S.K.: 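Please see the structure below; I have some questions.
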Amino acid sequence: MLEKEYYPQQIEKKWFDIWEKQNPYKTPNDSDKPKFYALSMLPYPSGKLHMGHVRNYTITDVIARFKRAQGYNVLHPMGWDSFGLPAENAAIQHNANPQKWTLDNIAYMKKQLKMLGLSIDWDREVTTCLPDYYKWTQWLFLQLYKKGLAYKKTAPVNWCEKCATVLANEQVIDGKCWRCDSEVTKKNLSQWFFKITQYSEELLEDLKLLEGWGDNVKTMQQNWIGKSSGAILKFKVKELDGLEIPVYTTRPDTAFGITYLVVAPEYKDIEKLTTAENKASVEEYRANAKKLSEIERLSTERIKTGVPLGTHIINPFTGRVCPIWVADYALVDYGTGAVMAVPYHDERDFDFAKKFNLPMVQVITGENFAEGKCYTEKGTLINSDKFNGLNFEQAKKAITQYAVDNGFGEFKTQYRLRDWLISRQRYWGAPIPIVYCPNCGEVALDEKDLPVLLPTDVDFSVTGKSPIETSPTFRYTTCPKCGGKAVRDMDTMDTFVCSSWYYMRYTDSKNDKECFNRDIINKWLPVDQYVGGIEHAILHLLYSRFFTKALRDCKLLDFDEPFKNLLTQGMVLKDGSKMSKSKGNTVDPDDIYKNFGADTARLFILSDSPPARDFDWTDAGVEGCYKFILRVYRLYSKFQDKINLNPSFDPKTLSKRDDNFLREAHISIKKITNDIEAEFQFNTVISRYREFTNAIYEYIKDENNINYDVLSFALLTLLKLISPVCVFMAEEIYSELGAKTSIHNTPWPKYDENLAKSSMITLIVQVNGKIKDKIEASQGLSKDELEALAKASAKVIEATKDKTIVKTIVVVDKLVNIVVK
RNA sequence: GCCCUGGUGGUGGAAUCGGUAGACACGUCGGACUUAAAAUCCGAUGAGGCUAAUAACUUCGUGCCAGUUCAAGUCUGGCCCAGGGCACCA
């Protein structure tokens, strides 16, 4: 029997061409089968695929193929998150056209994806930078606008000098720009926001529904939303009749310990609160605060600074007259922008009071209390008049209630989440469909006038302003309300707006009448399995959840959460460290295709680590997988003429040897099916491929003792089990065996529970928990029989002589433990 | 500081319910085939002790210290370390 060699490059090219013609994974919206929506996070077309993409899309593809084989109508689409700064920067640097740059990249990467053998319905592809998509992004903006969820306001916003644009809070990482890593400053600008804070409570509460999400992602979102409960307390200003300063606190129980008050440098009433003699120093302090970068200002290590305003408040609980200070440790955009200071029980206040010699009053005591040290634990009240002796919970409630009853307070729940700033002062994005009319003011465009097309007559060489502003034609338009002259909003939308709804568009991507169809989207969504990187734990995933809830409230769809199950895959490393262009340790998928084939890449990227963990790419590992593929192929080519596509045999009449071999097949189906279904443990799935393959090689060693029907069954089973991973090789072998259909259209094999079980077991015999013997025994023996068997063991007799048997534990079909003294 | 995730051989990792720790690989070593090499195939491989050596036997071993149990990688309590997230959020 001659063995043929396998040449993956040629074989993969052959099937690539066939699949290219057929689009074999075209998915109907109408089907009797149950639906399954498998989704990968859509790529940004930066130029070439990287290994992170390969890992992400291979995982999703294997899931999609597995579910398809199990009889689901599987939606597995792909698209391009194609607006964004890199295209614009390429335009600025090489004088390229951003659209051409982007579409060229898409064409290249699309080919790379197809070469990877992904089972995608390419007819549903979406490209967010094309008018047939961004028309609907603009349309959705208008729906949010009508619903009051999109609004414009002037506020201090995050500004990245290098990118020359504003950023959302979620895009500022440690005070730096998420994209270019340069320091972010604050600027006061009039900008568009989405009112995500309206959904703070629901976004937090519904995390509980997301059982298919990892705790890490849920906790990150929970922390980001940052719910706290406390009270607003209002303080009268002694010197200014009628003026009150409200503060937010989570510790109303410490109200008797207030000795001063702090307002943020940007606090709205600060000028009124400053006395004439303090004016100069306060002005100077505020000017300095403005100059500080966010990083400097928010550093917890920084020594506290501040100056007194000269005015005072009266603590309504104690009657104490307390000075008001300005200090930048109070933040203008959290709570009320003012803080009540209780130095004895808050570390920041404590540091500040120490530095400026402000008085401290102890009002809480409890375990670990130490005189003269800041005590922040929740203890028992003292020095608090009628509230003395109460614990934290009681005091919090009683003191707030007292403030409510006396008209100077209220219960308050506070969130850290801020509204989503979506305007960008850049060209390559979806224009905001709003115009400004001298007569009518801010006017939303009519839906029939969409899309607002990006102008092409722009000059990318300008600095200091958005290139879009250089268009001579874009700015001026007519007011849809009065027909008079009007100017457009010159900003574009954050690309995260585009990516907050792309998975909805896939359901009906060619629809030019609607953004998506309500019936169709209700059928497909929520996404059954979403796969992507952890870096979107807050940004994209939170925004998409918000979009879903907002569009539900706009009556466009009828579900509450977009992604039922989420798999966040780990990073791809090279020899233990992060792949990066600067380190020069990247691996180019094209090289892997060329040298080993896409099947090897797919097999390897799934083989060594579970999907959620980081994966270490090594050259030795790739070669190991390549060899395995060749080894599998050899097996089939060796028996090509003997393999029966419809093997038939009676399992009851098989020889012991054949029966044991058949069991390997059933065990493999069981284990692989379970490992995919439970947690997508592809690394153990692949281990089982190898074990099964080894078992087949073991079986065929004795060439004169082969039952070819059983062997055919085993080989066909292995082929199907391996087909979601090694898609080209499986198809090639199947067709070489003479099959007329694609292996990818055949059903997933079923295992027989009885055939997966052995009639024999290995009984573990322990004495005092230490293994003394292993005995082959038939399965299903009674406890007494097992105990007798164990006690008959020579090794057990040896180990128990001169000792008393205290008791014997028998676990059926597994183990006997004899306890002796 | 708070929260999440993880810690198992030289390496990646495996181990439904507490029941044979180290599956499957990579690497290393040895052997077969070959003029030779590659490829392929076969075997060994947690650390130590005993032994002339092998087999047999035996001790230790899943970050650390306790505990529960006939039995702990797995359960409980307390720590340590690494990675990630949040953080002058009152």
Side-chain angles (χ1 to χ4, degrees), chain A residues 3 5 173-174 214-224 226-228 230 247-251 254 262 297-302 304 327-331 333-342 345-349 351-352 376 414-418 534-535 537-538 570-571 573 575-576 604 607-610 612-625 627-628 630-631 634 671 674 678 681 683-694 697 701 762-771 773-774 795 798 806-811 813-820:
Chain A
E3 292 168 34
E5 260 309 326
I173 315 291
D174 292 333
D215 283 343
N216 51 346
V217 179
K218 284 192 276 190
T219 330
M220 277 159 79
Q221 291 213 355
Q222 192 181 319
N223 290 343
W224 190 259
K227 181 178 181 174
S228 69
V247 304
Y248 171 72
T249 179
T250 54
R251 294 295 301 270
T254 63
V262 178
R297 169 150 181 197
L298 296 179
S299 164
T300 47
E301 270 95 69
R302 221 175 115 241
K304 301 255 173 315
D328 61 9
Y329 81 87
L331 307 174
D333 52 1
Y334 184 78
T336 62
V339 185
M340 65 179 222
V342 186
H345 305 292
D346 180 281
E347 294 205 11
R348 292 152 304 186
D349 301 343
D351 292 347
F352 193 84
T376 57
Q414 185 75 36
Y415 301 88
R416 218 182 54 97
L417 185 68
R418 312 289 155 81
I534 185 82
E535 67 275 16
I538 293 171
M571 279 191 300
L573 312 174
D575 301 318
F604 180 47
S607 67
D608 268 5
S609 305
R613 268 198 240 178
D614 286 351
F615 175 85
D616 198 8
W617 184 281
T618 59
D619 294 339
V622 187
E623 277 165 38
C625 287
K627 285 181 191 172
F628 175 69
L630 300 184
R631 179 171 152 87
R634 273 198 303 276
K671 179 152 174 48
N674 289 346
Q681 274 208 42
N683 54 330
T684 54
V685 167
I686 288 162
S687 293
R688 190 59 214 173
Y689 292 163
R690 292 178 185 275
E691 285 178 284
F692 191 19
T693 305
N694 290 344
Y697 267 101
K701 262 186 186 168
T762 305
L763 182 71
I764 303 302
V765 183
Q766 300 178 325
V767 174
N768 283 353
K770 303 237 185 240
I771 294 164
D773 205 356
K774 296 173 189 181
K795 288 171 187 163
E798 172 67 22
V806 182
K807 66 172 161 178
T808 307
I809 287 104
V810 183
V811 182
D813 288 346
K814 226 166 219 165
L815 142 157
V816 174
N817 186 15
I818 299 163
V819 186
V820 298

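This is a predicted model, so every value here is computed, not measured. Protein chains get the first letters and strands the later ones, always in sequence-line order, with residue 1 at the start of each.
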S.K.: For the side chain of A:T376 and the backbone of A:D346, is there at least one donor-acceptor N/O pair under 3.5 Å apart?
M.R.: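 Side chain of A:T376 to backbone of A:D346: no pair is present.
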S.K.: Where does B:rG18 fall, syn or anti, if syn means a chi angle no more than 90° from 0?
M.R.: anti
S.K.: Please tabulate, one pair per line, each protein N/O and nucleotide N/O from nucleotides 55-59 of chain B that are separated by under 3.5 Å, including the distance.
M.R.:
residue, atom, partner, partner atom, Å
B:rU58, OP1, A:K772, NZ, 3.2

S.K.: Taking atom types as they are modelled, is there a donor-acceptor pair under 3.5 Å from the base of B:rC4 to the side chain of A:K218?
M.R.: no
S.K.: Ignoring hydrogens and angles, state whether a donor on the side chain of A:Y415 or A:S228 is under 3.5 Å from an acceptor on the partner side chain.
M.R.: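 There is no such pair between these side chains.
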S.K.: Considering only atom C1', compute the distance from B:rC17 to B:rG9 and round it to an integer number of Å.
M.R.: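 Going atom to atom, C1' in each nucleotide, I get 27 Å.
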S.K.: Determine the interatomic distance between C1' on B:rC60 and the same-named atom on B:rA21; round to the nearest Å.
M.R.: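 B:rC60 and B:rA21 have their C1' atoms separated by 13 Å.
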S.K.: With P as the reference atom in both, quote the distance from B:rC42 to B:rC33 in angstrom, rounded to an integer.
M.R.: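 So the two P atoms sit 15 Å from each other.
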S.K.: How far, in whole Å, is B:rG30 from B:rU35 if one measures between their C1' atoms?
M.R.: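 Rounded to whole Å, the distance is 22 Å.
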S.K.: Of the listed nucleotides (B:rC88, B:rC86, B:rA90), which one gets closest to any side-chain atom of A:V339?
M.R.: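 Side chain of A:V339 sits closest to B:rA90.
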S.K.: What's the spacing between A:T249 OG1 and A:M340 CE if we round to 0.5 Å?
M.R.: 3.5 Å
S.K.: Counting only side-chain N and O atoms of A:Y248, is one of them less than 4.0 Å from OP1 or OP2 of B:rC89?
M.R.: no
S.K.: Grab the CZ-P distance between A:F628 and B:rA25 for me, whole Å please.
M.R.: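 Value for this atom pair: 8 Å.
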S.K.: Determine whether A:F604 and A:F615 satisfy the following criterion, ring pair (Phe, Tyr, Trp, His ring centres under 6.0 Å), listing intermediate values before the conclusion.
M.R.: CA-CA 10 Å; A:F604 180 47; A:F615 175 85; 5.0 Å; yes
S.K.: Considering only atom P, compute the distance from B:rG67 to B:rG61 and round it to an integer number of Å.
M.R.: 15 Å
S.K.: Please classify the nucleic acid contact of A:R416 as base, sugar-phosphate, or nothing, using heavy-atom distances under 4.0 Å.
M.R.: base
S.K.: With sequence neighbours excluded, what pairs up with A:D773 under the side chain to side chain donor-acceptor pair (under 3.5 Å) test?
M.R.: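 A:S793.
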S.K.: A:R631: which residues meet the side chain to side chain donor-acceptor pair (under 3.5 Å) condition with it, sequence neighbours left out?
M.R.: A:N694
S.K.: Where along nucleotides 39-45 of chain B does protein come under 4.0 Å, by heavy atom, of base (B) or sugar-phosphate alone (S), with - for untouched nucleotides?
M.R.: -SS----
S.K.: Using a cut-off of 4.0 Å between protein heavy atoms and nucleotide atoms, how would you tag nucleotides 12-19 of chain B 5' to 3' with B, S and -?
M.R.: SSSS---B
S.K.: Using atom C1' in both nucleotides, what's the gap between B:rG22 and B:rA47 to the nearest angstrom?
M.R.: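 Each nucleotide's C1' atom is 13 Å from the other's.
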S.K.: Which range-with-range stems can be found for RNA chain B when each stem has 3 or more Watson-Crick or G-U pairs in a row and both distances sit under 3.5 Å?
M.R.: B:1-7 with B:80-86, B:10-12 with B:24-26, B:27-32 with B:40-45, B:46-49 with B:57-60, B:63-67 with B:75-79
S.K.: Applying a 4.0 Å non-hydrogen cut-off, can you work out what A:N694 is touching in the nucleic acid: base, sugar-phosphate, or nothing?
M.R.: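 Sugar-phosphate, no base atom in range.
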S.K.: To the nearest 0.5 angstrom, please state how far the CG atom of A:N223 sits from the CG atom of A:L417.
M.R.: 12.5 Å
S.K.: In whole Å, what separates the P atom of B:rC65 from that of B:rU16?
M.R.: 26 Å
